[in-house]
> 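Can you keep this structure in mind? I'll have questions shortly.
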Amino acid sequence: MSSFFDRVYEVVCRVPPGRVTTYGDVSRVLTGTARSARSVGWALHGLPPDRVDEVPWWRVINSKGRVSTSCQEHSASEQQARLMDEGVEFGLDDRVDLDRFGWDGE
DNA sequence: CTTCTGACTGGGA
DNA sequence: GTCCCAGCCAGAA
């Protein structure tokens, strides 16, 4: 309980639809610094199948406003499509405007 | 215990 | 604007 992974999932669950957050932001909420952003990404990478339907991993992107998934099962195209379906606008460069859709933690 | 990897970030070219 | 390099954290072998 209260493992780093579980916390990541919890924070991601708090992200409302139509909004996106960055790994560094989540890391900051958990550890207070954006240094563990890598662990956050790894946590989502090891996201259990039973949490996939519960945790909106697709709402988590990098600070560049782009999708960083290396997971072929969860390709960037799919993540992009999911965000678009929620109302998130993607630029012609497949980039998201964090200034508008960036979730600052409510 | 040590070692490595990874869905990141920031700064420099 | 984009691309490349080095640094940090957490977990698994």
Side-chain angles (χ1 to χ4, degrees):
Chain A
M1 359 104 31
S2 307
S3 300
F4 194 84
F5 278 42
D6 293 333
R7 288 211 170 191
V8 173
Y9 305 147
E10 192 176 339
V11 174
V12 175
C13 279
R14 290 180 200 172
V15 181
R19 294 287 166 102
V20 295
T21 186
T22 63
Y23 300 94
D25 204 15
V26 176
S27 164
R28 201 166 218 184
V29 176
L30 299 175
T31 62
T33 65
R35 306 291 163 134
S36 53
R38 248 176 170 195
S39 303
V40 176
W42 191 32
L44 290 175
H45 178 57
L47 185 68
D50 56 307
R51 301 274 193 214
V52 166
D53 296 331
E54 181 182 351
V55 181
W57 54 267
W58 53 85
R59 291 180 195 152
V60 185
I61 57 180
N62 60 11
S63 66
K64 306 268 198 309
R66 273 210 223 138
V67 186
S68 309
T69 58
S70 288
C71 253
Q72 299 186 3
E73 308 211 4
H74 304 128
S75 56
S77 307
E78 182 161 337
Q79 182 169 4
Q80 224 174 47
R82 284 179 181 272
L83 290 173
M84 282 171 125
D85 188 56
E86 300 206 330
V88 178
E89 295 181 23
F90 273 82
L92 298 177
D93 298 350
D94 298 330
R95 220 188 313 179
V96 182
D97 189 352
L98 293 173
D99 190 42
R100 294 204 300 173
F101 302 101
W103 181 61
D104 49 2
E106 184 185 15

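By convention in this document, chain letters (A, B, ...) are assigned in the order of the sequence lines, proteins followed by strands, and residues within each chain are numbered from 1. For clarity, every value in this text was computed on a predicted model and none was experimentally measured.
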> Of all of residues 42-70 of chain A, which get a heavy atom below 4.0 angstrom from DNA chain B, listed by number?
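By residue number: A:Leu44, A:His45, A:Trp57, A:Asn62, A:Ser63, A:Lys64, A:Ser68, A:Thr69, A:Ser70.
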> Which atom pair, heavy atoms only, marks the closest approach of A:Trp58 to A:Gln79?
O-NE2, 2.8 Å
> Taking atom CD1 of A:Ile61 and atom OG1 of A:Thr69, what is their separation to the nearest 0.5 Å?
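Going from CD1 on A:Ile61 over to OG1 on A:Thr69, the span is 11.5 Å.
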> Can a donor-acceptor pair be found, under 3.5 Å and without considering hydrogens, that links the side chain of A:Tyr23 to the backbone of A:Trp42?
no
> I need the minimum non-hydrogen distance between A:Arg66 and A:Asp94, along with the two atoms involved.
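That would be CG-O, 3.7 Å.
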> Show your working on salt bridge (charged side-chain N to carboxylate O under 4.0 Å, His left out) between A:Arg51 and A:Glu54 and close with a plain yes or no.
CA-CA 5 Å; A:Arg51 301 274 193 214; A:Glu54 181 182 351; 3.3 Å; yes
> Could you go through A:Thr21 and A:Val12, starting from their C-alpha distance and side-chain angles, then the distance that decides it, and tell me whether this counts as side-chain contact (heavy atoms from CB on, under 4.5 Å)?
CA-CA 8 Å; A:Thr21 186; A:Val12 175; 5.7 Å; no
> Just jot down the salt bridge (Lys or Arg N to Asp or Glu O under 4.0 Å) partners of A:Asp93, sequence neighbours excluded, or say none.
A:Arg95
> Return the minimal non-hydrogen interatomic distance between A:Thr22 and A:Ser63, and the atom names on each side.
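For A:Thr22 versus A:Ser63, the nearest heavy atoms are CG2-CA, 3.9 Å.
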> Nucleotide range of DNA chain B contacted by chain A, 5' to 3', under 4.0 Å to a heavy atom?
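Using the under 4.0 Å cut-off, the span is B:dG6 to B:dG10.
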> Checking all strands, does A:Tyr23 fall into the base, sugar-phosphate, or nothing category for heavy-atom contacts under 4.0 angstrom?
base
> Under 4.0 Å from any atom of DNA chain C, heavy atoms only: list the residues of residues 25-36 of chain A that qualify, in numerical order.
A:Arg35, A:Ser36
> Test of understanding: with salt bridge (Lys or Arg N to Asp or Glu O under 4.0 Å), list the residues that count as partners of A:Asp6, not counting sequence neighbours.
none
> Tell me, which pairs form a salt bridge (Lys or Arg N to Asp or Glu O under 4.0 Å) where one or both residues lie in residues 77-90 of chain A, sequence neighbours left out?
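Residue pairs with at least one partner in residues 77-90 of chain A: A:Arg59-A:Glu86, A:Glu78-A:Arg82, A:Glu89-A:Arg100.
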> By a strict heavy-atom criterion of less than 4.0 Å, which residues belonging to residues 82-93 of chain A are in contact with DNA chain B?
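Listed by number, there are none.
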> For A:Ala34, what residues pass the side chain to side chain contact (heavy atoms under 4.5 Å, CB included) criterion, not counting sequence neighbours?
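Checked A:Ala34 against side chain to side chain contact (heavy atoms under 4.5 Å, CB included); zero matches.
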> First contact, last contact: which nucleotides of DNA chain C are these for chain A, 5' to 3', heavy-atom distance under 4.0 Å?
C:dG1 to C:dG11
> Sequence neighbours left out, what passes side chain to side chain contact (heavy atoms under 4.5 Å, CB included) with A:Ser36? Give chain and number order.
A:Phe4, A:Ser27, A:Thr31, A:Ser39
> Begin from the C-alpha positions of A:Trp103 and A:Val20 and carry the test side-chain contact (heavy atoms from CB on, under 4.5 Å) through to its verdict.
CA-CA 6 Å; A:Trp103 181 61; A:Val20 295; over 6 Å; no
> Which dot-bracket notation, 5' to 3', represents the base pairing of DNA chain C when pairs are defined as Watson-Crick or G-U with both distances under 3.5 Å, crossing pairs as [ ], and inter-strand pairs as |?
.||||||.|||||
> How close do A:Asn62 and A:Ser68 get, heavy atom to heavy atom, and via which atoms?
ND2-OG, 2.8 Å
> Where along residues 95-103 of chain A does a heavy atom come under 4.0 Å from DNA chain B, residue by residue in number order?
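Of all residues in residues 95-103 of chain A, none places a heavy atom under 4.0 Å from DNA chain B.
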> Closest heavy-atom contact between A:Tyr9 and A:Pro48?
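Answer, listing the atom of A:Tyr9 first, then A:Pro48: OH-CD, 3.5 Å.
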